[in-house]
Amino acid sequence: MPEVLRTVGSIARALDSIANHEFQQVALTKGQYLYLARVAEHPGIIQERLAELLKVDRTTAARAIAKLTKLGLLEKRADPQNKKIRRLYLTSSGADIYPLVKRENDYSNAQALRGFTPDEASQLADFLARVDVNVAQDWRDVKSGKQRQY
């Protein structure tokens, strides 16, 4: 079976490094742009769901959210139905930065798919979505304490 995860990891690390460099100008560091982007895409998302989308543990998400809140890029608002639930939204400063994050993502995506036909790009997206589903199930299992059987 071909080794694909090494390549996926290499791609992810390269793009993360590029993004961290690009976002220094707006003081976003170490993947904070990912949180900003997901909140922009899912206004009112709760912290637990955001952590699940990003495949990070809740404490990692809590730290990043706290930093972004302190920077004035995210805000927490009480849910109108359940005051215990805190929903995440971009502040006006976060909304000002989001177009830069979106532009960088769109550019990186276009660069990554350079030379692919639309059908090939679609097929690759479908394959990667299937890989994501497989890995996500393992991630949830490990997070819930299950041992993987090698």
Side-chain angles (χ1 to χ4, degrees), residues 1-69 71-77 87-150:
M1 183 168 286
E3 173 60 59
V4 296
L5 296 182
R6 187 171 297 167
T7 304
V8 170
S10 176
I11 294 164
R13 284 187 302 279
L15 290 172
D16 190 53
S17 178
I18 290 167
N20 285 331
H21 178 75
E22 294 290 317
F23 299 136
Q24 283 177 346
Q25 63 184 302
V26 290
L28 290 178
T29 61
K30 297 188 179 176
Q32 291 173 335
Y33 63 92
L34 295 170
Y35 293 85
L36 192 79
R38 294 308 165 267
V39 172
E41 294 163 358
H42 306 279
I45 192 169
I46 61 172
Q47 184 172 308
E48 186 175 339
R49 178 68 182 127
L50 181 57
E52 187 177 304
L53 276 177
L54 295 174
K55 306 288 187 288
V56 298
D57 60 54
R58 287 187 287 199
T59 57
T60 300
R63 266 193 309 272
I65 291 165
K67 286 179 184 175
L68 290 167
T69 300
L71 288 170
L73 302 176
L74 292 182
E75 65 180 342
K76 294 180 180 181
R77 296 184 205 156
R87 298 196 173 274
L88 298 168
Y89 296 89
L90 294 182
T91 63
S92 60
S93 295
D96 288 345
I97 290 172
Y98 176 66
L100 172 64
V101 173
K102 178 81 170 104
R103 261 192 326 270
E104 192 283 330
N105 179 76
D106 292 347
Y107 180 83
S108 290
N109 195 60
Q111 290 299 103
L113 295 174
R114 191 178 50 216
F116 284 77
T117 67
D119 285 344
E120 289 170 333
S122 180
Q123 189 174 30
L124 177 60
D126 291 344
F127 289 155
L128 289 173
R130 287 170 51 192
V131 170
D132 187 41
V133 167
N134 294 342
V135 172
Q137 184 57 55
D138 249 9
W139 179 77
R140 282 191 295 277
D141 289 347
V142 168
K143 285 295 193 185
S144 68
K146 293 183 183 174
Q147 288 293 119
R148 295 170 76 192
Q149 300 300 314
Y150 297 108

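These numbers come from the heavy atoms of this one structure, side chains and all, not from hydrogens, waters or symmetry mates. Just so it is clear, the structure is predicted and the values come from calculations on it, not from any experiment.
- Screening residues 91-103 for salt bridge (Lys or Arg N to Asp or Glu O under 4.0 Å), with sequence neighbours left out, gives Lys102-Asp106.
- When all heavy atoms are compared, the tightest approach of Ala51 to Trp139 is O-CH2, 4.2 Å.
- The CG atom of Leu88 sits 6.5 Å away from atom CG of Leu50, with the distance rounded to the nearest 0.5 Å.
- Among the candidates Ile45, Ile46, Val39, the single residue satisfying the side chain to side chain contact (heavy atoms under 4.5 Å, CB included) test with His42 is Ile45.
- Residue pairs satisfying the side-chain hydrogen bond (donor to acceptor under 3.5 Å, both in side chains) criterion with at least one member in residues 60-69, sequence neighbours excluded, are listed as follows: Asp57-Thr60.
- Every salt bridge (charged side-chain N to carboxylate O under 4.0 Å, His left out) that Asp138 has, sequence neighbours left out, goes to Arg148.
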Please tabulate, for the side chains in residues 107-114, all donor-acceptor contacts under 3.5 angstrom to protein atoms that are two or more places apart in sequence or on a different chain.
| from | atom 1 | to | atom 2 | distance (Å) |
| --- | --- | --- | --- | --- |
| Ser108 | OG | Glu104 | O | 3.2 |
| Ser108 | OG | Glu104 | OE2 | 2.6 |

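- Applying the side-chain hydrogen bond (donor to acceptor under 3.5 Å, both in side chains) criterion to Thr7, with sequence neighbours excluded, gives no partner residue.
- Atom CZ in Phe23 sits 11.5 Å away from atom CD in Gln32 (nearest 0.5 Å).
- Taking all atoms of both residues into account, the shortest heavy-atom contact from Ser93 to Gly72 is CB-O, 3.6 Å.
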* Step by step, work out the side chain to side chain contact (heavy atoms under 4.5 Å, CB included) result for Glu41 and Tyr98. => CA-CA 10 Å; Glu41 294 163 358; Tyr98 176 66; 3.9 Å; yes
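- Annotation: side-chain contact (heavy atoms from CB on, under 4.5 Å) contacts of Val4 (sequence neighbours excluded): none.
- Looking at residues two or more places apart in sequence or on another chain, you find a side-chain hydrogen bond (donor to acceptor under 3.5 Å, both in side chains) between Tyr33 and Asp16.
- Among residues two or more places apart in sequence or in another chain, the salt bridge (charged side-chain N to carboxylate O under 4.0 Å, His left out) test is passed with Arg77 by Glu75.
- Contact of the Leu28 side chain with the Leu68 side chain is registered, since non-hydrogen atoms from C-beta on lie closer than 4.5 Å.
- Listed by chain and residue number, nothing satisfies the side-chain hydrogen bond (donor to acceptor under 3.5 Å, both in side chains) test with Arg58 (two or more places apart in sequence, or in another chain).
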* Quick one: do Val131 and Val8 satisfy side chain to side chain contact (heavy atoms under 4.5 Å, CB included)? Show the steps, please. => CA-CA 10 Å; Val131 170; Val8 170; 5.9 Å; no
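- Nearest approach of Arg87 to Gly44, heavy atoms of both residues: NH1-O, 2.7 Å.
- Counted within 6.0 Å of CD on Gln147, heavy atoms from surrounding residues, nucleotides or ligands total 12 or fewer; the atom is thus considered open.
- Gln137 meets the side-chain hydrogen bond (donor to acceptor under 3.5 Å, both in side chains) test with Arg140, Asp141; sequence neighbours excluded.
- Judged as a salt bridge (charged side-chain N to carboxylate O under 4.0 Å, His left out), and not counting sequence neighbours, Glu120 has no contacts.
- Here CG of Leu36 is found 11.5 Å from CD1 of Ile65. Values are rounded to the nearest 0.5 Å.
- Taking CZ of Arg6 as the reference point, atom CD1 of Ile11 lies at 13.5 Å (rounded to 0.5 Å).
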* Criterion side chain to side chain contact (heavy atoms under 4.5 Å, CB included) on Leu74 and Thr91, from CA distance to verdict -> CA-CA 5 Å; Leu74 292 182; Thr91 63; 5.6 Å; no
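- Closest of all the heavy-atom pairs between Ala27 and Leu71 is O-CD1, 4.1 Å.
- Under the salt bridge (charged side-chain N to carboxylate O under 4.0 Å, His left out) criterion, Glu22 pairs with no residue at all, not counting sequence neighbours.
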